[in-house]
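Working notes, structure below.
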Number of protein chains: 2
Amino acid sequence: MPTRSAPTDDRRAPLTRERVLRAAIDLADTAGLGALTMRSLAQALEVQPMALYHHLPNKDAILDGVVDLVFGEIDRPEPGGAWREELERRARSARRVLGRHPWAVVLLESRRSPGPATLQSHEAVLATLRAAGFSVAMAAHAYAVLDAFVYGFAVQEASLPFNADTAPEVAAAMMRDFPVDAYPALTEFATEHVFRPGYDFGDEFEYGLDLILDGLERVPLA
Amino acid sequence: MPTRSAPTDDRRAPLTRERVLRAAIDLADTAGLGALTMRSLAQALEVQPMALYHHLPNKDAILDGVVDLVFGEIDRPEPGGAWREELERRARSARRVLGRHPWAVVLLESRRSPGPATLQSHEAVLATLRAAGFSVAMAAHAYAVLDAFVYGFAVQEASLPFNADTAPEVAAAMMRDFPVDAYPALTEFATEHVFRPGYDFGDEFEYGLDLILDGLERVPLA
DNA sequence: ACCTGAACACCGTTCAAGT
DNA sequence: ACCTGAACACCGTTCAAGT
């Protein structure tokens with residue numbers, strides 16, 4: 001180990017594109033996307049705001065870069081492997097990564113200039129499907145339905161006002177002034193299922209993923 | 001008809017919550033979500049920015065209100081009807097509405113305080129599933145996978161940099177400096193399918209919707 | 001080559017005031 | 001009751017300058 005303090009004194013390391021993007025992700029993870037401003041990012045890096053513009057052209061480029069790093073965290077399927085297992089692994093990884101970076105969910109699918117990690121991710125999925133015998137048209141169908149589900153689920157999960165642990169308190173608060181008569185099915189749904197101890201919305205992910213993969217398995221590949 | 005000019009001189013009508021929200025939707029439809037600021041909204045209503053605060057507490061409340069109006073545009077399924085047809089109709093309607101208001105896609109599932117139209121929408125879906133014999137647990141599965149797909153698809157569609165008409169030009173521009181060797185599956189996918197005349201990403205919606213509804217039909221309701 | 005300081009044209013929002 | 005004017009504490013970004 002040449003330098004023992006590499007991880008701690010990197011506030012003094014020279015600014016690089018990489019360091020700026022990593023700091024941006026840290027900031028969004030801890031304080032949310034709204035707290036990610038050029039000024040707060042500069043402060044986190046102990047530098048003046050204008051120093052950032054020397055490494056990235058503008059804030060949009062920072063968001064593009066950050067999205068590509070997040071895409072890079074998602075496991076890629078192995079072309080040539082069993083397609084169902086490989087796509088399952090990728091889907092679960094995507095959900096896990098987006099769980100770590102909930103602020104990234106709205107960014108991921110809305111950026112217009114994909115970076116290399118994003119392209120490699122798409123490449124790996126398509127190559128896996130083609131290697132398994134899917135026609136180009138069927139691969140398009142499969143990818144569209146799978147990705148819509150994975151991202152849609154991540155959006156819903158990221159916006160839940162509670163998790164499995166905090167559900168009881170949130171439930172009590174919501175029910176206090178909820179017009180139960182106007183929404184009987186919703187009330188039944190909440191009181192008898194969603195807010196019961198043991199219910200975890202996250203479990204719906206595996207159900208939906210299986211349903212979609214079952215459907216893709218049943219259909220002719222060409 | 002008591003007043004012949006009701007639709008045209010409503011710039012002079014008194015400000016109401018309703019008028020503010022309608023103007024906000026118009027502004028976002030024509031100029032995007034980024035152009036929706038308190039100041040631009042006030043200008044569209046020919047009023048000073050601070051006048052808005054008399055009808056809505058803050059910008060967040062405007063976004064909440066706008067989301068609820070958009071939810072209100074989505075057809076609700078009829079409980080007691082054939083569940084598959086009813087949910088299909090709702091899903092198609094949701095996609096159409098989100099196509100009209102692409103800026104709303106990122107807002108719809110990320111707001112924390114649902115309005116009455118949002119609650120009625122959820123109520124109608126759950127009531128339809130329950131009336132068709134789905135158990136509460138199965139209704140939760142069905143709703144989660146369907147909604148994740150519908151919103152996820154809308155997100156993807158809203159962020160496509162092209163539509164069926166403009167695809168050829170966009171394709172040519174993208175291919176000019178695309179590293180085809182690094183992404184062979186992606187290149188094949190683009191040149192032999194997605195950018196071919198006649199391909200419409202929107203058609204993937206019907207494929208995925210059918211696949212999911214087929215899956216739900218096959219599964220026991222309880 | 002890399003960073004800074006001051007400024008510009010924006011934000012959402014508060015507060016005190018007008019009618 | 002409803003709207004306004006001026007101000008505050010923020011934004012992203014440009015431009016000219018420092019080392």
Side-chain angles (χ1 to χ4, degrees), chain A residues 6 9-69 103-104 106-107 110-113, chain B residues 6 9-69 103-104 106-107 110-113:
Chain A
D9 71 354
D10 65 354
R11 12 171 231 172
R12 293 176 176 209
L15 223 46
T16 61
R17 193 189 114 97
E18 178 81 8
R19 280 192 69 231
V20 172
L21 296 179
R22 291 280 166 212
I25 290 179
D26 285 350
L27 197 51
D29 282 346
T30 52
L33 196 57
L36 174 56
T37 69
M38 299 303 275
R39 286 164 154 93
S40 64
L41 184 53
Q43 194 170 19
L45 290 158
E46 298 191 72
V47 94
Q48 294 297 317
M50 290 320 302
L52 303 175
Y53 287 83
H54 216 269
H55 300 92
L56 280 312
N58 51 38
K59 189 173 179 182
D60 241 47
I62 291 181
L63 295 180
D64 281 339
V66 149
V67 163
D68 206 53
L69 282 180
W103 50 269
V106 297
L107 290 182
S110 68
R111 298 267 100 199
R112 247 117 171 147
S113 37
Chain B
D9 72 355
D10 64 355
R11 9 169 235 173
R12 294 177 175 207
L15 224 47
T16 61
R17 194 188 114 96
E18 179 79 10
R19 280 191 69 229
V20 172
L21 296 180
R22 290 282 166 209
I25 290 180
D26 285 349
L27 197 52
D29 282 346
T30 51
L33 197 57
L36 174 56
T37 69
M38 299 304 274
R39 286 163 154 92
S40 65
L41 184 53
Q43 194 169 19
L45 290 159
E46 299 192 72
V47 96
Q48 294 297 318
M50 291 319 301
L52 303 175
Y53 287 83
H54 215 269
H55 300 92
L56 279 313
N58 51 40
K59 187 173 180 181
D60 241 46
I62 291 181
L63 295 180
D64 281 338
V66 148
V67 163
D68 205 51
L69 283 180
W103 49 270
V106 297
L107 291 181
S110 68
R111 298 267 97 197
R112 247 116 170 146
S113 37

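So that the names make sense, note that chain A is the first sequence line, chain B the second, and so on, each numbered from 1. For clarity, every value in this text was computed on a predicted model and none was experimentally measured.
Residues L45(B) and R19(B) come closest through the heavy atom pair CD2-NH2, 3.8 Å. Counting all heavy atoms, side chain and backbone alike, V66(B) lies closest to A24(B) at CG2-CB, 3.8 Å.
For the pair R39(B) CZ and dC10(D) P, the interatomic distance rounds to 15 Å; values are reported in whole Å. Atom CG of L41(B) is separated from atom P of dT13(C) by 12 Å (rounded to the nearest Å). A straight line from CZ of R19(A) to C1' of dC3(C) spans 14 Å, rounded to a whole angstrom. Nucleotide dC11(D) holds its P atom 19 Å from the CE atom of M38(B), rounded to whole Å. When rounded to the nearest whole Å, the span between CD of E46(B) and C1' of dT4(D) equals 16 Å. Regarding I62(B), its CD1 atom lies at a distance of 8 Å from the P atom of dT13(C), rounded to whole Å. As rounded to whole Å, 11 Å separates atom P of dC11(D) from atom CG of L27(A). One atom, NE2 of H54(A), and another, P of dG12(D), lie 19 Å apart when rounded to the nearest Å.
Ranking dT13(D), dT4(D), dG5(C) by closeness to the Q48(A) side chain, first place goes to dG5(C). The side chain of K59(A) has dG12(D) as its nearest neighbour among dT4(D), dC3(C), dG12(D). Which of dC3(C), dG12(C), dT14(D) sits closest to the side chain of M50(A) comes down to dT14(D). Here the nucleotide nearest the side chain of T37(B), chosen from dC11(C), dA1(D), dA1(C), is dC11(C).
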Kindly determine whether L36(B) and W103(B) satisfy side-chain contact (heavy atoms from CB on, under 4.5 Å), including the steps that lead there. CA-CA 11 Å; L36(B) 174 56; W103(B) 49 270; 5.9 Å; no

Derivation of the side-chain contact (heavy atoms from CB on, under 4.5 Å) call for L56(A) and D64(A): CA-CA 10 Å; L56(A) 280 312; D64(A) 281 339; over 6 Å; no

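For the atom pair CG of L52(B) and CZ of R17(B), the computed distance is 13.0 Å after rounding to the nearest 0.5 Å.
Between H55(A) and dC3(C), a side-chain N or O to OP1/OP2 separation shorter than 4.0 Å is present. Dashed line: the shortest gap from a side-chain N or O of Y53(B) to OP1 or OP2 of dT14(C) is not under 4.0 Å.
Two residues, S40(A) and P57(A), neighbour DNA chain D, and the one matched to the more 5' nucleotide by heavy-atom proximity is S40(A). Residue-to-nucleotide proximity on DNA chain C shows that, of L36(B) and L52(A), the 5′-proximal contact is made by L52(A).
With H55(A) contributing its side chain and L15(A) its backbone, the two residues share a donor-acceptor pair below 3.5 Å.
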Dot-bracket for DNA chain D, 5' to 3', counting Watson-Crick or G-U wobble pairs under 3.5 Å, with [ ] for crossing pairs and | for inter-strand pairs? ||.|||||...|||||.||

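The existence of a salt bridge linking R111(A) and D60(A) is confirmed by a sub-4.0 Å separation between a basic side-chain nitrogen and an acidic carboxylate oxygen.
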